[in-house]
Amino acid sequence: MDRLDDNLKRTMQVASVIGRDFAFRILQTITGMREDLKSHLLNLQGLEFIYEKRLFPELEYIFKHILTQEVAYNSLLVNRRKEYHEKIGAAVEDIYPDRLEEFYEMLAYHYSKSENHEKAFHYLKLAGTKAVEKHSPREAFHFYKEALNTIKKLPMTRDRKKDYVSVTRLFHIPNVSLGWPDEYLQYLEEGSQFAEDIADYNNRSRLLADMGFYYCFKYGDVAKSTQCMEEAMLEAEKLSDTETFTSTVTDYGFLNYILGKIGFIDISHKAISRLEKEGKKLELFFGNTANVYVTLTTGLGFAYGMLGDIENGEIFCEKGLRTAYEMNHQKTIGVGEYFVGSFYLSCGGVSQAMSHFNSSLKHCYDTKYYIWLANSLLGLARSYLFLDDVDSALGTLKKWSELNQQLNIKFTLSLHDIYSSMIHFNLADYRKALDRINDAIKFAQDVQERHYEGYATLWKGRILWHADSSQTKEAEDLLLQGCNNLESLKLMAYYAEGYLYLGQLYANTGQGDKALEYLNKAESCFRQMGSEYWLAKTHELYDRL
């Protein structure tokens with residue numbers, strides 16, 4: 001390079017700033033050369049520094065070796081590089097005004113390398129949104145993170161705080177897919193503070209809800225998570241804004257669902273009614289990864305299933321899933337199918353559950369929606385256990401474990417261990433079954449998953465009595481304790497199963513009256529739930545009596 005004449009050297013340097021690949025039109029605009037440029041490029045080709053990459057749809061060249069490009073780039077003074085980067089950005093805007101979306105990433109890069117932080121922020125934000133639409137969460141995370149870091153290089157005026165808040169809300173989408181990376185919390189806290197500074201209470205409510213999920217999933221910190229979510233709800237209820245209210249209700253309801261609390265039904269009805277009344281079922285996502293209306297309705301359908309209200313459960317599941325397919329939005333379909341699958345699982349509709357979980361898995365996999373992919377894998381594993389297909393259940397739980405190693409989510413660890421325990425129980429390996437169920441109870445206690453703690457407790461009773469007949473009394477106490485805890489949460493789908501196991505224990509220990517008492521309770525629940533699967537199991541025990 002040092003032996004090249006000045007014109008060839010300058011051509012190389014400017015081309016190196018554009019990138020390893022560089023378009024003739026952009027290079028020509030930056031250098032201001034016309035016919036001379038073509039001759040310079042021919043000379044550089046002859047010297048084997050570059051070669052033609054393509055002629056159509058426009059002429060492009062490429063450096064033969066990336067090291068050549070790096071040497072040319074590093075031979076420029078820093079300020080001159082910044083100047084060229086900004087000129088390249090401006091040239092792209094001038095040359096391709098009708099195709100700018102194709103160049104968002106390129107524009108974000110060049111303006112980021114210049115001193116033009118305003119334009120860098122603008123294109124980083126657009127590139128992030130483009131990556132979200134392509135289902136590329138890691139790219140989106142990078143662009144949004146750089147956008148937020150870039151705008152902080154400028155004086156934080158009211159308008160810039162507003163821009164920061166808007167990107168922090170968009171940042172929520174890739175962070176959900178990636179399992180809430182550690183550094184996300186810093187941006188949430190800053191965004192929430194800026195929202196408060198400019199009295200943007202709509203976005204402050206949403207950011208508090210995002211923070212609630214972060215503490216919930218990343219650290220299993222239920223107290224902090226609940227505090228953030230309740231503060232978000234207080235903010236949302238003060239506002240007349242439907243978007244903020246219904247989005248926050250959706251998040252609040254989902255947190256309660258995770259914790260096994262079904263007290264969000266009334267407020268969910270209120271949010272659904274408002275969306276229907278205002279005709280906003282389809283049109284808005286409100287900064288969420290999936291449609292709010294579909295999440296609310298199918299989530300409510302599942303909640304009714306857990307309460308044993310199958311009629312209402314079916315109504316809301318059908319309503320939500322129909323809307324998801326009407327929208328034809330993959331992430332929304334993935335969420336809706338998961339909740340509908342969970343609804344059918346709650347009432348023993350195994351074939352329907354498997355169909356919906358498999359559909360959810362497809363849509364979540366295609367869109368890299370890993371959180372809901374993990375949830376659906378657990379649902380599918382339980383479905384296989386209903387069918388006594390231990391190998392498939394084991395393989396599905398293995399996939400979940402591999403995925404959760406990437407996500408590092410604290411919640412649902414207990415559910416994974418419950419299902420793992422069930423597998424060992426089916427294989428009559430009661431020692432391992434007890435180890436796994438004890439792990440499940442510990443995990444559930446650590447993150448205050450009262451429903452999974454209750455469910456694991458009754459299963460521990462069932463395993464214990466099979467493992468050691470001398471511990472029947474302790475097993476009975478555990479089954480009763482689990483049922484009582486689940487009754488207090490009104491989760492019929494779980495405590496009805498406990499009644500069945502108590503009936504089985506009493507039948508096996510010659511306590512016919514008690515066996516009939518609990519089998520009658522179980523049958524009453526399963527009839528209310530319309531569960532043919534569980535009714536058949538109950539009648540098998542009746543026949544033995």
Under 4.0 Å between a Lys/Arg side-chain N and an Asp/Glu carboxylate O for [X] and [Y]?
| X | Y | answer |
| --- | --- | --- |
| Glu102 | Arg99 | yes |
| Asp210 | Arg169 | yes |
| Lys130 | Glu105 | yes |
| Arg160 | Asp163 | no |
| Lys218 | Asp182 | yes |
| Glu93 | Lys119 | yes |
| Glu115 | Lys153 | no |
| Glu318 | Arg322 | yes |

Lys224 to Tyr215 six-membered ring, cation-pi geometry met (6.0 Å, 45°):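 Pair Lys224/Tyr215 counts as cation-pi.
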
Ring centroid separation [X] to [Y] under 6.0 Å:
| X | Y | value |
| --- | --- | --- |
| His172 | Tyr184 | no |
| Tyr111 | Phe121 | no |
| Phe63 | Phe49 | no |
| Phe141 | Phe171 | yes |
| His40 | Tyr61 | no |

[X] to [Y] - nearest heavy-atom pair and separation:
| X | Y | answer |
| --- | --- | --- |
| Ile30 | Ile88 | CD1-N, 3.6 Å |
| Thr295 | Ala290 | OG1-CB, 4.0 Å |
| Ala147 | Val167 | CB-CG1, 4.3 Å |
| Gly191 | Val165 | O-CG2, 3.5 Å |
| Cys216 | Leu255 | SG-CD1, 3.7 Å |
| Pro137 | Leu178 | O-CD1, 3.8 Å |

Parallel, tilted or perpendicular: rings of [Y] and [X] (30°, 60°):
| X | Y | value |
| --- | --- | --- |
| Phe357 | Tyr338 | tilted |
| Phe339 | Phe254 | perpendicular |
| His416 | Trp400 | parallel |
| Tyr344 | His356 | parallel |

Is a donor on one side and an acceptor on the other found under 3.5 Å between the side chain of [X] and the backbone of [Y]?
| X | Y | value |
| --- | --- | --- |
| Thr396 | Ala381 | no |
| Ser16 | Gln13 | yes |
| Thr68 | Lys64 | no |
| Ser75 | Ala72 | yes |

Is any side-chain heavy atom of [Y] closer than 4.5 Å to one of [X]?
| X | Y | result |
| --- | --- | --- |
| Val294 | Val335 | no |
| Ile62 | Tyr51 | yes |
| Tyr123 | Leu100 | yes |
| Phe245 | Leu239 | no |
| Ile173 | Lys331 | yes |
| Thr244 | Arg206 | yes |
| Leu378 | Leu397 | yes |
| Thr11 | Met33 | yes |

CA sep, side-chain torsions, deciding dist, call: Ile272, Phe316, side chain to side chain contact (heavy atoms under 4.5 Å, CB included): CA-CA 10 Å; Ile272 290 167; Phe316 282 97; 4.2 Å; yes

For [X], is the [atom1] atom crowded, meaning more than 12 foreign heavy atoms sit under 6.0 Å from it?
| X | atom1 | result |
| --- | --- | --- |
| Lys152 | NZ | yes |
| Lys38 | NZ | no |
| Tyr365 | OH | no |
| Asp5 | CG | yes |

Step-by-step salt bridge (Lys or Arg N to Asp or Glu O under 4.0 Å) determination, Glu86 to Lys113: CA-CA 8 Å; Glu86 182 160 8; Lys113 292 289 186 179; over 6 Å; no

Full working for salt bridge (Lys or Arg N to Asp or Glu O under 4.0 Å) between Arg436 and Asp439: CA-CA 5 Å; Arg436 292 288 74 77; Asp439 288 342; 2.7 Å; yes

Among Asn175, Thr129, Thr168, the one residue meeting side-chain hydrogen bond (donor to acceptor under 3.5 Å, both in side chains) with Tyr144: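 Of the listed options, the one satisfying the test is Thr129.
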
Candidate pair Ser414 and Glu449, rule side-chain hydrogen bond (donor to acceptor under 3.5 Å, both in side chains), full reasoning: CA-CA 8 Å; Ser414 52; Glu449 292 171 327; 2.4 Å; yes

Just how far is it from atom [atom1] of [X] to atom [atom2] of [Y], taken to the nearest 0.5 Å?
| X | Y | atom1 | atom2 | value |
| --- | --- | --- | --- | --- |
| Leu321 | Thr297 | CG | OG1 | 9.0 Å |
| Leu373 | Asn404 | CG | CG | 11.0 Å |
| Thr150 | Lys145 | OG1 | NZ | 11.5 Å |
| Arg54 | Leu59 | CZ | CG | 10.5 Å |

Derivation of the side chain to side chain contact (heavy atoms under 4.5 Å, CB included) call for Glu60 and Ile26: CA-CA 10 Å; Glu60 285 187 20; Ile26 296 175; over 6 Å; no

Residues Arg80, Glu83; criterion salt bridge (Lys or Arg N to Asp or Glu O under 4.0 Å); working and verdict: CA-CA 5 Å; Arg80 182 55 61 88; Glu83 178 187 329; 3.5 Å; yes

Reference residue Ser205; test side chain to side chain contact (heavy atoms under 4.5 Å, CB included); the match among Asp251, Asp241, Asp200, Thr248: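 Between Ser205 and the candidates, side chain to side chain contact (heavy atoms under 4.5 Å, CB included) is satisfied uniquely by Thr248.
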
Verdict with supporting geometry, Arg274 and Glu243, salt bridge (Lys or Arg N to Asp or Glu O under 4.0 Å): CA-CA 10 Å; Arg274 188 183 288 193; Glu243 297 181 20; over 6 Å; no

Residue pair Phe343, Phe302: steps toward the ring pair (Phe, Tyr, Trp, His ring centres under 6.0 Å) verdict: CA-CA 4 Å; Phe343 164 76; Phe302 167 60; 8.2 Å; no

